[in-house]
Structures are given as structure tokens and as C-alpha cells.
J.: 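I have a structure here, written as C-alpha cells, and I will follow up with some questions on it.
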Amino acid sequence: MSFNEKKAKRPLPKWMETLNQQKQMFISECQESAGNINAFTGENDASDSPDGIMDGKTISTNNQQLSYCKNPLLLNTASQILSQSMPLLSFKGSITYSYHYSDCACICQDILSSLHHEDKNIIGFDMEWPASYQKGFTDKTALIQLCVSEDSCFLFHVAAMCSVPKPLIDLILNPCVILVGLNITSDLWKLERDFDVRVKPAIDRGSVCELGIMANKKLKSSERWDLDGLCRNVLRHRLDKDRNLRCGNWADVPLNDMQKNYAASDALASLLLYKHLNDKLNDQVIQ
């Protein structure tokens, strides 16, 4: 391989080119708006303030108030600011929350009886457990989320149960079900460690869809995605990743409304991402 061939840069994926264009447009808008406000108020520009930051000033973008500075390097990264201007993905449907063993068993039995045995039933899957700050230690799974449609999500608070009900295990491992999620294989192995549930058969037969791999195929990238980043790049929506919610004690019973919506929204995001990416992959195959 010649020196010039080595030096040639690999072209960016299309989604990354779009994001870079948006960032440059946003930086230009910030600089122009900062200049307009300074001209109107007669105040000094950001270069006269400590670290070049304009204190107490905002600009309006997509009907949202965002702080600005003239120095692009101090914009808290344009991509982060852009993401905050995106609409929030929040579950608006019916949330069924259960923390009683018998209730959970009955609900899962009803879901099992409603499955379509001719087709694969796609379910958005996620799990939550309390944050641990001890190296090499993670708490047991506290909550299992199953989003069966854009209008219906089930939250099973297994931390409050004596064990995981068999109908819930049967639902998760059902051959007619495809569980979709980010890092979902790791989640299922954790479920096995926590509750002695044999998940290998479901993984081996392809009843689990890893959204990170699916996204990299569609986007022709090799990213290590988090759920919020994947939503921003694929769905053009952002998730609420408030640290107090994300790192809260998910073992506490009962969950509050904010926790329920956070958990349901994550499972919904997995379902929507699968549908969107699957449609795109099918389009590529047809073309």
C-alpha cells in the first residue's frame, strides 16, 4: 500500500456527515445571535468575559432557550446542545406496574395467551437495578420492562417478589417472542446469574435482537452505542437520562410515577428503534 493510500481518510457515514453539518450551522447561529445581542445591548462580547463565556444570556432555537457563547470550543459540544433541542421521547400509553408475585403471574399468563403464534411477537426489553459504586459488584435485577406495543408497557418489580414467577420466565423465553434491546444479551446473562434462569436456548435460537449490532449494519458504522445516543441518531428524539432517576434505588417499592415513565420510555425506545432499523434494512435488501 502506498503512502498516499494510507493517508487517505475513510469517508464518514452519512448520519455523521449530517450531524457535523448541523453542528456547524448551530455554531454559526450562536455566533450570529451573540453578535446581534451585543450590538443591541451595547455590551462587550464573550472575549471580555472569563473564559469567553457570555453570562446570563440565551438564544432561542426550536422554541427552546439555550445558553450560548461565541467560542465554539466552549459550547459544551454542539452535538450535546443539538440533542437538547430534540423532542423528548416519553411513553404516553398504558403502564401496567406489578410488584406482587401472584399479580405478575396472572398478567404474564394473559400476555402469553394473547401472543400470535404464526408470527414473531416483537417486545421492547430492558432491566433496571440499583447503581453500585463498589468495584466488581452489581446489585440484583430489580425491574423488568416489557413494551409489547407503542400503547402498552409492563413493569415487573421483581425486587419485591420472593422469586421470578414462572409465567414471566416463560414469556421472556417464549419461542414466539423476539426480545429487542441494547446490550440485551448481557442483560439476559445477568438475569440468569441473578435468578438461575436458563437464557442460553433463547439466545442460541435467535430470539434476541441486539440493537447496537443492528444499528451498525444499517449506519455502516462501528459505534458502541448507548440508548440515548442511538435514539438521537436514528429517531431524532432524546431520552430523559436524569442522573437522579438513572442512578436511583430501583429496588425501592413502590416506584414513583417518574421512575415508571423513565422505565417505560426506555423499553419503548428499544421497540421503536427495532421497527425503524428493521424497515431501513429491508429497504436496503430490496434496493
J.: Above 12 or not: heavy atoms from other molecules or residues under 6.0 Å from NE2 of H116?
T.: no
J.: Between W129 and K190, is there a cation-pi geometry (under 6.0 Å to ring centre, at most 45° from the normal)?
T.: yes
J.: Output all residues satisfying side chain to side chain contact (heavy atoms under 4.5 Å, CB included) with R224, sequence neighbours left out; order by chain, then residue number.
T.: none
J.: Mark yes or no for whether R246, through its side chain, and D242, through its backbone, hold a donor-acceptor pair below 3.5 Å.
T.: no
J.: Decide yes or no on side chain to side chain donor-acceptor pair (under 3.5 Å) for D194 and T141, but give the supporting numbers first.
T.: CA-CA 7 Å; D194 290 347; T141 302; 2.8 Å; yes
J.: Testing the basics here: between L182 and D187, what is the closest heavy-atom pair and its distance to 0.1 Å?
T.: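 Between these two residues, the closest heavy atoms are O-OD2, 4.3 Å.
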J.: Using the test salt bridge (charged side-chain N to carboxylate O under 4.0 Å, His left out), find all partners of K140 that sit at least two apart in sequence or belong to another chain.
T.: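 Testing K140 for salt bridge (charged side-chain N to carboxylate O under 4.0 Å, His left out), a comparison that skips the adjacent residues, returns none.
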J.: Donor-acceptor pairs are to be reported for all side-chain atoms of residues 165-178 against protein atoms at under 3.5 Å, with residues two or more places apart or in another chain.
T.:
| residue | atom | partner | partner atom | Å |
| --- | --- | --- | --- | --- |
| K166 | NZ | D170 | OD1 | 3.3 |
| K166 | NZ | D170 | OD2 | 2.9 |
| N174 | OD1 | C176 | N | 2.8 |

J.: Tell me which donor-acceptor pairs under 3.5 Å the side chains of residues 89-97 have, and how far apart each pair is, sequence neighbours excluded?
T.:
| residue | atom | partner | partner atom | Å |
| --- | --- | --- | --- | --- |
| S90 | OG | N261 | OD1 | 3.0 |
| Y97 | OH | H157 | ND1 | 2.6 |
| Y97 | OH | L255 | N | 3.0 |

J.: If the condition is side chain to side chain contact (heavy atoms under 4.5 Å, CB included), which residues does D252 pass it with, not counting sequence neighbours?
T.: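 Listed in chain order: N249.
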J.: Which residues pass the salt bridge (charged side-chain N to carboxylate O under 4.0 Å, His left out) test with D196, sequence neighbours left out?
T.: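 Here no residue qualifies.
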J.: Less than 4.5 Å apart, side chain to side chain, heavy atoms only: is that true for F154 and S98?
T.: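 A side-chain contact under 4.5 Å is absent here.
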